[in-house]
Amino acid sequence: MGEGPDTQTHASAPPRVLLIDDEPALLDLYQDSLAPLGYQLDTADDGEEAAHLLSSKRYDVVVSDIQMPGMTGLDLLKAVRSTNLDVPVILVTGNPSTETAIRAIELGALRYLTKPFSPADLRRVVAYAACVNKMASAKREALKLMTGLEGFASDRAGLEASFERALATVSMHYQPIVSWSQRKVFGYEALARTNDVSLSTPLGLIEAAERLGRLVHLGRHLRRVVAATIDLIPSDTNVFVNVHPRDLEDDDLLSPTSPLAVNAKRIVLEITERASLDAYPEVPGRLATLKGLGYRIAIDDVGAGHAGLATFTKLEPQIAKLDMALIRGVDSNPTKQRVIRSMTELCRDLGVLVISEGVETAGERDALLDAGSDFLQGYLFGRPAARLLDPTW
Ligand code: G
Ligand code: MN
């Protein structure tokens with residue numbers, strides 16, 4: 001959304017409505033229906049003119065015909081959603097079809113009006129749209145007030161637009177994982193960062209990709225970004241790459257010619273315990289293929305998931321990463337110490353290397369060393385960074 005003086009809505013100001021139709025007679029009719037209610041009305045007789053108005057002015061409601069020469073109402077809606085996630089759009093059509101109705105809803109149209117409709121119908125739907133628009137602004141304001149964050153787009157086209165923006169700006173930051181006893185870097189975890197305010201963290205990106213059905217696309221893109229930056233990391237050092245269980249079904253990941261494959265021997269694929277593997281029955285076989293290519297497997301976020309032991313038996317990981325919630329305050333929590341000690345011992349018996357994540361204080365570090373965990377990752381040693389930084393010891 002723009003930042004100009006024109007973007008401010010005043011609760012008291014009459015809603016601004018943009019009316020778009022290629023039939024001048026209809027535009028007149030719309031204006032006659034709405035003007036007496038005090039709306040500020042603008043009109044456009046094609047999609048291009050409307051798009052131009054929408055990029056220069058703020059509207060509270062848009063009413064657009066679908067079938068127009070040139071840019072259609074659906075194209076216009078898509079264009080609107082790439083910059084404005086809130087403005088309610090009412091689409092109007094003379095010959096309704098299920099496909100356009102579905103597409104309109106997917107793109108985040110608020111309502112779909114079929115011609116002919118009465119002035120009262122139009123007034124009702126525009127009043128409703130203006131109200132929804134005020135609510136959306138109030139919600140965004142509330143969220144920003146409470147969290148300092150811009151909200152998540154609530155419609156498909158808006159989410160698609162932020163997702164595309166996020167993908168275009170994604171970069172990898174690398175965080176060291178150290179062996180304390182050897183005072184040596186064991187590896188770096190690649191962590192995705194973006195410039196999109198609403199999708200700046202991997203969790204936000206993944207959630208958006210899930211909602212859009214684009215997890216595989218996201219996974220491929222992220223792995224390509226890792227491959228493109230892997231030369232930052234010394235060739236004898238491990239690189240930890242997060243993958244979603246869904247990525248394991250992607251032949252691109254399993255291909256010997258995929259971008260990461262040449263480096264497979266130093267790559268550890270992290271699979272989170274937070275997601276259930278139940279939906280992915282082929283995981284064990286796929287993992288065997290990956291191990292055959294030289295990759296190692298880590299279970300991520302151990303202790304945070306509800307997955308019981310299934311992840312260990314299904315993934316047969318070489319590495320387990322203890323979730324930071326378990327690490328936080330471990331120095332003053334004997335129960336956490338006991339749990340970590342027994343997990344570390346069990347992992348040793350299973351031949352699984354343990355890494356403790358999210359270590360922030362020297363007290364936590366010492367308690368972990370005492371509990372038998374020597375491989376550590378966290379802000380205490382180094383934050384994720386776009387350049388490789390030497391860890392602080
Ligand atoms: O789910 P996964 O373990 O991959 O997530 C790692 C996340 O934890 C990253 O986003 C990273 O920035 C963050 N992180 C790494 N070290 C620390 C830490 O010491 N404290 C906190 N609070 N977060 C950390
Ligand atoms: Mn991870």
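Whatever order the structure lists ligands and atoms in, that order sets their numbers, starting from 1. Numbering of residues begins at 1 and proceeds along the displayed sequence. Given the structure is predicted, the values throughout are model-derived calculations rather than measurements.
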A.B. asks: Minimum distance, heavy atoms only, to atom 21 (C) of ligand 1: which one of Q175, E360, E364, K321 is it?
C.D. replies: E360
A.B. asks: Is the distance from the Mn ion (ligand 2) to some N, O or S atom of N242 under 2.8 Å?
C.D. replies: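 Yes - counting backbone and side chain alike, N242 has an N, O or S atom under 2.8 Å.
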A.B. asks: Count the heavy atoms of every other residue, nucleotide or ligand shown that sit under 6.0 Å from CZ of R387, and state whether that count exceeds 12.
C.D. replies: no
A.B. asks: Quick one: does ligand 1 sit under 4.0 Å from the side chain of D323, the backbone, both or neither, non-hydrogen atoms only?
C.D. replies: neither
A.B. asks: At the Mn ion (ligand 2), what is the angle formed between atom OD2 of D300 and atom OE2 of E189, rounded to the nearest 10°?
C.D. replies: 170°
A.B. asks: Short list, please: which atoms of ligand 1 are under 4.0 Å from a heavy atom of P384?
C.D. replies: 12 (O)
A.B. asks: So which protein heavy atom does atom 23 (N) of ligand 1 come closest to, and at what separation?
C.D. replies: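 It is Y379 OH, 3.2 Å.
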A.B. asks: Would you call R274 and D301 a salt bridge, taking side-chain N to carboxylate O under 4.0 Å as the test?
C.D. replies: yes
A.B. asks: Restricting to N/O/S, name the atom of E270 that gets closest to the Mn ion (ligand 2).
C.D. replies: OE1
A.B. asks: Going by side-chain heavy atoms closer than 4.5 Å, which hydrophobic residues are tied to L389, directly or by a chain of links?
C.D. replies: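 Via sub-4.5 Å side-chain contacts, L389 links to none.
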A.B. asks: How does N242 reach ligand 1, if at all, at less than 4.0 Å between non-hydrogen atoms: by side chain, backbone, both, or neither?
C.D. replies: side chain
A.B. asks: State whether any protein heavy atom lies less than 4.0 Å from atom 5 (O) of ligand 1.
C.D. replies: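 No, because not a single protein heavy atom sits under 4.0 Å from atom 5 (O) of ligand 1.
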A.B. asks: Between D75 and K78, does any NZ, NE, NH1 or NH2 come within less than 4.0 Å of an OD or OE carboxylate oxygen?
C.D. replies: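 No salt bridge links K78 with D75.
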A.B. asks: Of all the non-hydrogen atoms in the protein, which one sits nearest to atom 13 (C) of ligand 1, and at what distance?
C.D. replies: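 Ranked first by proximity to atom 13 (C) of ligand 1 is M324 CE, 3.8 Å.
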A.B. asks: Using a strict threshold of under 4.0 Å (side-chain N to carboxylate O), is an ion pair present between R223 and D250?
C.D. replies: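 A salt bridge is present here (some side-chain N lies under 4.0 Å from a carboxylate O).
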A.B. asks: For Q377, is the nearest heavy atom under 4.0 Å from an atom of ligand 1?
C.D. replies: no
A.B. asks: Who passes ring-ring contact (aromatic ring centres under 6.0 Å, His included) against Y280, sequence neighbours left out?
C.D. replies: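 Scan of Y280 (ring-ring contact (aromatic ring centres under 6.0 Å, His included), adjacent residues dropped) gives none.
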A.B. asks: Does the residue R193 have a heavy-atom contact with ligand 1, meaning some pair of atoms that are separated by less than 4.0 Å?
C.D. replies: yes
A.B. asks: Under 30°, 30 to 60°, or over 60°: which ring-plane class applies to Y174 and Y188, parallel, tilted or perpendicular?
C.D. replies: perpendicular
A.B. asks: If you count the non-hydrogen atoms of other residues, nucleotides and ligands that lie under 6.0 Å from NZ in K265, is the total more than 12?
C.D. replies: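 For K265, atom NZ is not crowded (no more than 12 foreign heavy atoms under 6.0 Å).
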